[in-house]
Amino acid sequence: MNSKQTFCGKTAEQLRLESPVFRAVEALQETVWINDKKVPFDEAAAQCPLTMDDVRDAEARLARFADYFRIAFPETAAAGGLIESPLREIPEMKAAMEKQYHVSIPGHVWMKMDSHLPISGSIKARGGIYEVLKTAEDIALKNGLLHEGDSYACFDSDEFRQLFSRYSIAVGSTGNLGLSIGIMSAKLGFKVTVHMSADARQWKKDMLRSKGVTVMEYESDYSVAVAQGRKDAEKDEYCHFVDDENSKTLFMGYSVAALRLKNQLAEAGITVDAQHPLMVYLPCGVGGGPGGVAFGLKMVFGDAVHCFFAEPTHSCCMMLGMATGLQNNISVQDIGVDNRTIADGLAVGRASGFVGKLMAPFMSGCYSLQDERMSALLALLADSEKVFLEPSALAGMYGPVLTVSDKGMKEYTETIAAPEKVTHLVWATGGSMVPPEEMDKYYRQGKVLL
């Protein structure tokens, strides 16, 4: 780290003195940050430029595409053409974590299985696919092929594919967003390019190429891939760049998850209110996916939901940005952290300033955990619940443990309700599309650590 470097006028030494989080990130220590900038929901919502109307608009657009999905992706037919994932209680995993970490976790632990979303098998299927759909809808309306009241089944036609073949879509990705954008764009007929960072898994690159997607590989990290993708797209007026760092469209696509979850919780008989709060743990990379989901949850449940971002110790850019108040004006690399992690989907060194600023008054906090802990939790979940996730998806699993083992998180939990009345929800972000041989490697690594 450059000793003369300053961050919005502050030196690293000043930040070390002011911020325990800065010191913990610099030292690669697991840590918890409770957000002192969080305000009551009504106050946060009043100052937010986005509203529940934006969430409803995104929900309506996805509903319009249901007829298309039933035809183009038959695996969505049983759900009426919706891209949705199961909600599952994981009592065996809860018991396994209690035994592993010598704790007792009051309340129930559930898992939202975005790892098993149709089409691209990760949380990115929500935002990524949604942005492609909105782009396609806008183009079809502009060119007079789509009219109010039309069945969107028409998108699965040669006429529409021929139209979209004149346009291209590009994105920078560590892997899962690239999969969702690539698969969806290619299916509709777009030319599509995915700029992938060095940490992206080879099987994800291979899958994209098998779908006819152009994959550009970089030896650098996520930020470089995004920057190059954005630069290339600016040269082509017919190219739409999906900007994971700044896209409101992506963000709103993710937010629709909250409306679906509300129904699932009700069907499961789970009450969410002031006396029965919901604590949600969201693996976080650049922030778009977990930020959008958290925003939707706050719009639906208000002060009854408490959201935490979970990040690897080597890539905890969102916690660093939010805790210091510097947002995207600081990266983990700026303070000598290498941004290398087994959790490829979370290998991001600089957080989205758009998400960090927007969510600052809403979020309850962030925590970081070591790669080894994610690997061990992966094997523990596989053994206890027979569910196999990719490493990054296990970042949220440590959250319920921290509510009883970390002083700050424990005090926070006890101030919101009786601990036994809390429902813990771990957001499982990806894993169902991982090739069996790759998943077996992850599992064996975790078993060794257990």
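Numbering starts at 1 and runs along the sequence shown. Side-chain atoms are counted along with the backbone in the values below, which use heavy atoms only and exclude waters and symmetry mates.
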ask   = Is Arg56 paired with Asp53 through a side-chain N to carboxylate O contact shorter than 4.0 Å?
value = no
Side-chain donor or acceptor of Ser255 paired with backbone N/O of Val293 under 3.5 Å = no
ask   = In terms of ring plane angle, is the pair Phe295 and Phe251 parallel, tilted or perpendicular, where the classes change at 30° and 60°?
value = tilted
ask   = Is a side-chain donor or acceptor of Ser375 paired with a backbone partner of Glu372 at a separation under 3.5 angstrom?
value = no
query = Is it true that a side-chain atom of Thr214 and a backbone atom of Thr193 form a donor plus acceptor pair closer than 3.5 Å?
reply = no
query = Strictly by modelled atom types, are Tyr238 and Arg166 linked by a side-chain donor-acceptor pair under 3.5 Å?
reply = no
ask   = Does the distance from a Lys or Arg side-chain N to an Asp or Glu carboxylate O, for Glu131 and Lys248, drop under 4.0 Å?
value = no
Nearest-0.5 Å distance that lies between atom CG in Leu177 and atom CG in Leu250 = 6.0 Å
Kindly list each side-chain donor-acceptor pair under 3.5 angstrom involving residues 387-402, sequence neighbours excluded, with atom names and distances?
residue	atom	partner	partner atom	Å
Glu390	OE1	Lys204	NZ	3.4
Glu390	OE2	Asn176	ND2	2.6
Tyr398	OH	Arg373	NH1	3.4

ask   = What heavy-atom pair brings Leu146 and Cys154 nearest, and what distance separates the two atoms?
value = CD1-SG, 4.0 Å
message = Determine whether a donor-acceptor pair (N or O, by modelled atom type, separation under 3.5 Å) exists between the side chain of Ser432 and the backbone of Ser115.
response = yes
inquiry  = Please check: side-chain N/O of Glu30 versus main-chain N/O of Gln370, any donor-acceptor pairing under 3.5 Å?
reply    = yes
query = Looking at side-chain heavy atoms only, is the closest gap between Thr249 and Ser247 below 4.5 Å?
reply = yes
message = With a 3.5 Å distance limit and no angle check, can you tell me whether Arg350 reaches the backbone of Asn328 through a side-chain donor-acceptor pair?
response = yes
task = Using modelled atom types only, decide if a donor and an acceptor are shared between the side chain of Ser315 and the backbone of Pro312 within a distance under 3.5 Å.
result = no
request  = Could you grab the distance from atom CG of Leu282 to atom CZ of Phe308, nearest 0.5 Å is fine?
outcome  = 11.0 Å
query = Is the shortest heavy-atom distance from the side chain of Leu425 to the side chain of Met111 under 4.5 Å?
reply = no
inquiry  = Would you say CD of Glu219 has more than 12 non-hydrogen atoms from neighbouring residues, nucleotides or ligands within 6.0 angstrom?
reply    = no
message = Is it the case that atom NE2 in His108 sees more than 12 heavy atoms from other parts of the structure closer than 6.0 Å?
response = no
request  = Compute whether any side-chain donor of one residue and acceptor of the other, for Ser85 and Lys112, lie under 3.5 angstrom apart.
outcome  = yes
request  = Classify the ring geometry between Phe155 and Phe160 as parallel (under 30°), tilted (30 to 60°) or perpendicular (over 60°).
outcome  = tilted
ask   = Side chains of His195 and Asp232: closer than 4.5 Å at any heavy-atom pair?
value = yes
query = Are the charged groups of Lys94 and Glu89 less than 4.0 angstrom apart, N to O?
reply = no
inquiry  = For Ser364 and Asn35, which I'm curious about, is there any donor-acceptor pair between the side chains at under 3.5 Å?
reply    = no
task = First locate atom CZ of Arg61, then atom NZ of Lys134, and finally report the distance between them rounded to the nearest 0.5 Å.
result = 5.0 Å
task = Could you check if a side-chain atom of Met279 sits within less than 4.5 angstrom of a side-chain atom of Thr413, using non-hydrogen atoms only?
result = yes
task = Decide if atom NZ of Lys37 counts as having more than 12 heavy atoms of other residues, nucleotides or ligands within a radius under 6.0 Å.
result = yes
ask   = Any idea which heavy atoms bring Ile181 and Gly128 closest together, and the distance?
value = CD1-O, 3.3 Å
ask   = Any Lys/Arg nitrogen of Arg88 or Glu385 sitting under 4.0 Å from an Asp/Glu carboxylate oxygen of the other?
value = yes
query = Counting only N and O atoms by type, is there a donor-acceptor contact under 3.5 Å from the side chain of Asp338 to the main-chain atoms of Arg340?
reply = yes
request  = Report the relative orientation of the aromatic rings in Tyr68 and Phe65; use parallel for angles under 30°, tilted for 30 to 60°, perpendicular for over 60°.
outcome  = perpendicular
message = With a 3.5 Å distance limit and no angle check, can you tell me whether Asn143 reaches the backbone of Ile139 through a side-chain donor-acceptor pair?
response = yes
task = Report the distance from atom CE of Met318 to atom OG of Ser368, rounding to the nearest 0.5 Å.
result = 14.0 Å
Exercise: identify the closest heavy-atom pair between Pro74 and Ile71 = CD-O, 3.9 Å
inquiry  = Check this for me: does any side-chain nitrogen of one of Lys124 and Asp114 sit under 4.0 Å from a carboxylate oxygen of the other?
reply    = no
ask   = Are side-chain heavy atoms of Tyr412 and Thr403 found at a separation under 4.5 Å?
value = no
Pair Arg230 + Glu245: basic N to acidic O under 4.0 Å = yes
task = With the side chain counted from C-beta on, respond yes when Phe301 and Lys262 share a heavy-atom pair under 4.5 Å apart, and no when they do not.
result = yes
Donor-acceptor contact below 3.5 Å, side chain Thr76 vs main chain Ile83 = no
ask   = Any side-chain donor-acceptor pair under 3.5 Å between Thr135 and Asp138?
value = no
message = If the threshold is 4.0 Å, N to carboxylate O, is there a salt bridge linking Arg209 and Glu217?
response = yes
Stepwise side chain to side chain contact (heavy atoms under 4.5 Å, CB included) test for His276 and Val272 = CA-CA 5 Å; His276 305 84; Val272 179; 6.0 Å; no
Side chain to side chain donor-acceptor pair (under 3.5 Å) evaluation trace for Asn263 with Glu267 = CA-CA 6 Å; Asn263 294 332; Glu267 290 169 3; over 6 Å; no
query = Does the ring of Phe362 carry Lys38 above it, NZ/CZ under 6.0 angstrom from centre and within 45° of its axis?
reply = no
ask   = Is the NZ atom of Lys235 crowded by more than 12 outside heavy atoms at less than 6.0 Å?
value = yes
query = Are Phe164 and Arg161 side-chain neighbours, meaning at least one heavy-atom pair lies under 4.5 Å?
reply = no
query = Counting heavy atoms not belonging to Gln162, are there more than 12 under 6.0 Å from its CD?
reply = no
ask   = Stepwise, does the side chain to side chain donor-acceptor pair (under 3.5 Å) test hold for His240 with Tyr167?
value = CA-CA 8 Å; His240 175 78; Tyr167 295 82; over 6 Å; no
request  = Supply the atom-to-atom distance Cys284 SG to Met322 CE, rounded to the nearest 0.5 angstrom.
outcome  = 9.0 Å
query = Heavy-atom distance under 4.5 Å between the side chains of Phe73 and Met184, does that happen here?
reply = yes
task = Mind listing the closest non-hydrogen atom pair of Pro86 and His116 along with its distance?
result = CD-CB, 4.5 Å
query = Once you round to the nearest 0.5 Å, how far does CE of Met97 lie from CD1 of Ile90?
reply = 5.5 Å
ask   = How about Tyr367 and Glu311: does a side-chain donor come under 3.5 Å of a side-chain acceptor?
value = no
message = Test side chain to side chain donor-acceptor pair (under 3.5 Å) on Asp371 and Thr341; report intermediate values, then the result.
response = CA-CA 6 Å; Asp371 281 12; Thr341 171; 2.8 Å; yes
inquiry  = Would Cys366 and Trp33 count as a side chain to side chain contact (heavy atoms under 4.5 Å, CB included) here? Give the steps.
reply    = CA-CA 5 Å; Cys366 306; Trp33 171 66; 3.8 Å; yes
